[in-house]
Every structure is written in structure tokens, then in C-alpha cells.
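The structure displayed is predicted, hence computed values, not measured ones. As a basis for the values below, the full set of heavy atoms in this structure was taken, side chains included, without hydrogen atoms, waters or symmetry mates.
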Amino acid sequence: RRVHGGHVLFALGQVHQKTMHKFEKDSRQQGKASFHFAWVLDETQEERDRGVTIDVAVQYFETPNRRVTLLDAPGHKDFVCNMITGAAQADAAVLVVNATPGEFESGFEQGGQTKEHVWLLKSVGVREVIVAINKMDSCGYKQARYDEVRAQLTPFLKQTGFRDADVRWCPVAGLPGENLVKRQDAQLTSWYSGPTLVELIDGFSPPQRMTSYPLRLCISDVFRTQSLGTTVAGKLETGTLKAGEKVLVMPINEIFTCKAMERAGESTKEAMAGDNVEVGLHGVSDINVLPVGHVLCSLGVQPVRVATRFLAQMITLKSGRPITMGYQVVIHVNVVTVPGTISKLVALLNNAQAVEKKRPKCIPKDRRQNCVVEITASRPVCVELFSEFRTMGRFMLREGGETIAAGIIKEVLA
């Protein structure tokens with residue numbers, strides 16, 4: 001997956017030839033000659049040593065009609081929490097699956113991550129998906145294999161809630177770069193004449209931006225830089241932000257000044273909903289008061305809600321045991337992760353979302369179940385009602401390294 005991102009960035013001129021040559025030389029010396037494109041996005045030594053993506057990498061590129069923020073999220077099951085952080089900031093997604101015989105089946109059927117990734121994408125509100133069927137070179141670019149993988153994935157994507165019109169398909173080979181930016185191999189062009197991966201990305205529908213709403217910027221990273229000083233990074237979910245503007249940070253309820261901003265390494269005076277930016281804050285005495293998950297808000301209007309207990313409607317996946325009152329979970333809201341408890345089972349719902357049973361003793365483990373519950377977080381978290389701020393009104397629950405439910409916030413109770 002990061003091979004794709006690195007190769008696309010290089011092909012579009014976002015990575016200098018000298019830098020790429022160094023990555024190629026250094027990766028070969030470490031016995032990882034095929035990892036040089038991945039190193040464009042794998043920036044930490046641990047990621048390069050292990051050959052596994054751990055954190056979300058952020059890069060930028062442009063297509064003829066789009067200015068793209070690339071959020072490259074980890075796929076390994078040990079780092080699903082970070083994958084959720086990346087997906088929560090995305091408008092659209094590229095799902096990379098392995099066409100190598102046996103590898104796709106392992107990832108899709110035998111306890112792999114493909115199904116969970118699809119479900120998480122839908123749960124955080126991603127509407128459009130490109131399925132990049134990768135490593136087509138390993139099977140000689142055979143159309144039969146491409147069709148086989150597509151036939152197996154299509155019903156699951158529909159079941160998860162993705163419409164046919166919102167899913168696009170693309171055969172690629174990340175390492176040789178086939179069909180990323182252009183097509184060259186005669187084995188592929190003999191049967192495939194559709195768009196390249198970058199052309200499909202260029203065709204994503206621009207989402208409607210909530211610029212008229214109050215500012216909401218969820219902090220996804222905190223660090224210091226020479227140009228900005230104390231810096232927070234994140235995506236503006238709603239509203240606008242200008243250099244020199246004062247902002248309220250919740251839930252700590254403190255006011256700081258946005259002294260400057262950068263996007264893609266370049267200074268900008270104003271950012272609006274949808275932009276991923278780095279914001280230099282003036283007046284911060286201790287960087288530790290700004291953890292990931294805090295939210296920058298507009299002054300003078302209703303700030304983001306802060307909750308320790310909320311009413312939620314959710315749908316469960318098949319779990320290892322029934323969900324009862326007091327069930328311990330890990331709550332994922334926006335980019336924050338916090339321990340919590342299902343503190344009350346309010347109702348089970350049918351497929352029409354009508355109440356099927358009030359105050360159930362448990363939520364069954366052997367099927368997907370729509371239900372209403374109360375959830376209590378171990379500490380205050382910033383949330384919004386789904387009916388008012390869709391992008392900040394979703395959540396997911398995980399337990400024992402597995403995603404067990406996802407849903408929307410209906411009411412803040414405490």
C-alpha cells in the first residue's frame with residue numbers, strides 16, 4: 001500500500017530523484033530492496049526496520065482537477081487504532097487488496113483485515129472507494145484473476161452499505177508502477193483500457209464542505225517546529241480559520257491564538273473545512289495540555305460538546321460473547337481513543353429501526369444487531385450529535401483487538 005503512495009508521489013514529481021536514489025540504496029543495504037518506494041511514507045526508523053506501517057503518514061499531490069491530501073494509514077491488525085485515526089479524516093478511500101493467489105483469500109476470508117477495513121471505512125463516513133487490486137504482475141496480469149477478486153469483494157461491499165456507483169475498480173502493480181499513473185505492460189493493456197489509479201482519484205466527487213458552521217479542528221498530532229513553534233495538526237471538519245484568530249480549545253476550555261498556519265509545508269493565511277493543516281498556537285505554556293483528540297473551536301459561539309456519557313444507536317458485528325450491561329470497550333470517536341463501558345442497554349431495533357424489545361438483558365453475539373445503548377467514557381471526550389455534525393457524531397467500539405460495533409451519537413447525557 002505505501003509502495004503505491006510512494007510510487008505515485010515519485011511519478012508525479014513530489015519526490016526528488018536524488019532522494020529516491022538514496023532510499024533505493026539504503027533499502028538495498030538493509031536487505032529490503034523492494035521497500036524504497038514505501039520509505040517515501042515510512043519515515044520512522046522503526047517502520048523501516050520492521051517493514052510495517054505504524055502511524056498515519058500525510059503527503060500532498062495534485063491531479064488535473066483535485067488537490068489531494070494523502071493519508072496513508074496502517075493495515076496491520078496491531079495498528080488498527082491508527083488506521084481509524086486516518087480513516088476518520090478521509091473523504092474517500094483507496095482500498096488495496098493483494099491479487100496474489102492465496103494472499104487475497106487469506107486477507108479476506110481467513111481472519112485477515114480486508115473485511116474490517118471495509119466496515120471501518122463505512123463506519124467513519126467514507127462514501128467513495130477505489131478498490132486497487134494490487135500485485136497483478138504476480139499472476140501475469142490475468143483478467144480472470146482480476147474478475148475473481150472483484151466477484152468475491154462486490155457482495156461484501158454492497159452488504160456493508162457501499163453503492164455500486166460509489167465503488168470503482170482498478171488493476172495495479174505497485175512496485176513496477178503499472179496503472180498507477182500510466183499503463184505500459186501489454187499483458188494488462190490487452191484487456192484493460194479503463195482509467196489509471198490517479199485518474200480515478202481525480203474523478204472523486206468533491207464533498208460538500210461545512211464552511212458556514214463554527215470551527216471544529218480535531219487535533220491529530222502535536223509537536224514543535226522552528227517555523228510555527230508549538231504546533232497542532234489536524235483536519236478542519238467545519239468552519240474556517242485565519243492566522244491571528246483566537247481559538248477555544250476543548251475540553252480544557254482555554255483560549256490560544258493561531259499565530260500562523262502551514263499546508264503541505266507552505267504558509268497559508270486561511271484554512272477552511274476539509275483542509276489538513278498545521279497550526280502554530282501562541283500562549284501555550286505546556287505542550288502536554290494539547291493531547292490528540294482535543295478540538296479547536298470558534299470563540300463566541302457554542303463550542304463542541306464534551307461528554308462522559310452519551311446515548312447512541314449502533315449496529316453490532318458478530319462478537320465472541322453477548323454484550324451485557326457493564327461490557328468493557330475501547331471507544332473511538334473522531335481521532336481519540338478512550339476506554340469505556342456500555343452502561344445501559346436501552347432497546348433492540350429491527351431492520352426498520354423500530355423498537356423490537358425494550359431494556360434487553362443482552363445483545364446477541366451471533367448476528368448483527370441494531371440497538372440503542374448508553375455508553376460511558378472513562379474521561380471527557382469531544383463529540384457532536386450526528387444530527388448536527390455528521391463528521392463528528394460517529395463512533396466505533398473495539399474489544400480484544402476486534403471491532404464489535406459502530407454507530408452514531410444521539411444525545412449527550414453527561
Could you tell me whether the side chains of Thr230 and Arg224 share a donor-acceptor contact shorter than 3.5 Å? yes
Do Leu180 and Thr196 come within less than 4.5 Å of each other through their side chains, counting heavy atoms only? no
On a heavy-atom basis, the closest approach of Pro176 and His7 is C-CE1, 3.6 Å
Close side-chain approach of Asn253 and Leu248, heavy atoms under 4.5 Å: yes
Side-chain heavy atoms of Val295 within contact of Val249, under 4.5 Å: no
Taking Ala173's backbone N and O only, do any of them form a donor-acceptor pair with Asp137's side chain (distance below 3.5 Å, no angle check)? no
Close side-chain approach of Ile363 to Pro322, heavy-atom, < 4.5 Å: no
Return yes if some donor-acceptor pair links the side-chain N/O of Asn350 with the main-chain N/O of Ala352 below 3.5 Å, else return no. yes
Check: Val8 and Val198 side chains under 4.5 Å, non-hydrogen atoms: yes
Give a yes or no on whether Asn351 atom CG has more than 12 heavy-atom contacts from other residues, nucleotides or ligands under 6.0 Å away. no
Would Glu262 and Thr268 count as having a side-chain donor-acceptor pair, cut-off 3.5 Å? no
Taking the side chain as C-beta and beyond, is there a heavy-atom pair between Tyr60 and Val68 under 4.5 Å? no
Salt bridge or not for Asp166 and Arg163, using N-O below 4.0 Å? yes
Going through the distances and angles, do Leu153 and Phe108 end up as a side chain to side chain contact (heavy atoms under 4.5 Å, CB included)? CA-CA 8 Å; Leu153 267 176; Phe108 185 61; 3.7 Å; yes
Is the side chain of Asp275 donor-acceptor paired with the backbone N or O of Val277 at a distance under 3.5 Å, no angle test? no
Backbone of Ser343 reached by a side-chain donor or acceptor of Thr341 within 3.5 Å: no
Distance-minimising heavy-atom pair for Pro360 and Leu345: O-CD1, 3.5 Å
Which heavy-atom pair separates Leu317 from Thr403 by the least distance, and what is that distance? CD1-O, 3.2 Å
Are Lys135 and Glu103 within salt-bridge range, i.e. N to O under 4.0 Å? no
Check the pair Val335, Gln89 against side chain to side chain contact (heavy atoms under 4.5 Å, CB included), reporting the backbone distance first and the verdict last. CA-CA 8 Å; Val335 298; Gln89 301 174 68; 4.1 Å; yes
Centroid separation under 6.0 Å, is that true for the rings of Trp191 and Tyr141? no
Just by modelled atom types, is the Ala93 backbone N or O under 3.5 Å from a matching donor or acceptor in the Glu128 side chain? no
Minimum side-chain heavy-atom gap Asp221-Val232 below 4.5 Å: no
Looking at Arg263, is its backbone amide N or carbonyl O close enough to the side chain of Asn276 to form a donor-acceptor pair, meaning the two atoms are under 3.5 Å apart? no
With no hydrogens and no angle check, is any side-chain donor or acceptor of Thr316 less than 3.5 Å from a backbone partner on Arg368? no
Any side-chain donor paired with an acceptor under 3.5 Å for Arg367 and Gln369? yes
Does CE belonging to Met325 count more than 12 external heavy atoms closer than 6.0 Å? no
Please report the C-alpha distance between Arg398 and Glu116 in whole Å, then the side-chain angles of each, then the deciding distance to 0.1 Å, and finally whether the salt bridge (Lys or Arg N to Asp or Glu O under 4.0 Å) criterion is met. CA-CA 11 Å; Arg398 287 174 58 81; Glu116 184 175 23; 2.4 Å; yes
Taking C-beta and beyond as the side chain, do Val96 and Val172 meet within less than 4.5 Å on heavy atoms? no
CA sep, side-chain torsions, deciding dist, call: Gln353, Gln313, side-chain hydrogen bond (donor to acceptor under 3.5 Å, both in side chains): CA-CA 10 Å; Gln353 299 190 19; Gln313 181 177 335; 3.2 Å; yes
Mind listing the closest non-hydrogen atom pair of Cys258 and Lys242 along with its distance? SG-O, 3.8 Å
Minimal non-hydrogen separation, Arg145 against Ala99, with atom names: NE-O, 2.7 Å
Cation-pi check for Phe386 against Lys410: NZ or CZ below 6.0 Å from the six-membered ring centre and within 45 degrees of the axis, yes or no? no
Show which side-chain atoms of residues 203-211 pair as donor or acceptor with protein atoms under 3.5 Å away, not counting sequence neighbours.
| from | atom 1 | to | atom 2 | distance (Å) |
| --- | --- | --- | --- | --- |
| Arg209 | NH1 | Asp91 | OD1 | 3.1 |
| Arg209 | NH1 | Asp91 | OD2 | 3.2 |
| Arg209 | NH2 | Asp91 | OD2 | 2.8 |

Ion pair Glu399/Arg321, N-O distance below 4.0 Å: yes
Check whether any side-chain N or O of His332 sits under 3.5 Å from a backbone N or O of Thr337 as a donor-acceptor pair, and report yes or no. no
Any donor-acceptor N/O pair, Ser298 side chain to Leu215 backbone, under 3.5 Å: yes
Around Lys344, counting heavy atoms of other residues, nucleotides and ligands shown, do more than 12 lie under 6.0 Å from its NZ? no
Mind listing the closest non-hydrogen atom pair of Leu200 and Arg168 along with its distance? CD2-CD, 3.8 Å
Tell me which pairs pass side-chain hydrogen bond (donor to acceptor under 3.5 Å, both in side chains) where either residue lies in residues 380-390, with sequence neighbours left out. Arg216-Glu384, Arg305-Glu384, Arg305-Glu388
Sidechain-backbone polar pair: Asp202 side chain, Asn65 backbone, donor-acceptor under 3.5 Å: yes
Distance-only donor-acceptor check, side chains Glu278 and Thr231, under 3.5 Å: no
So does Glu148 pair up with Lys142, basic N to acidic O under 4.0 Å? no
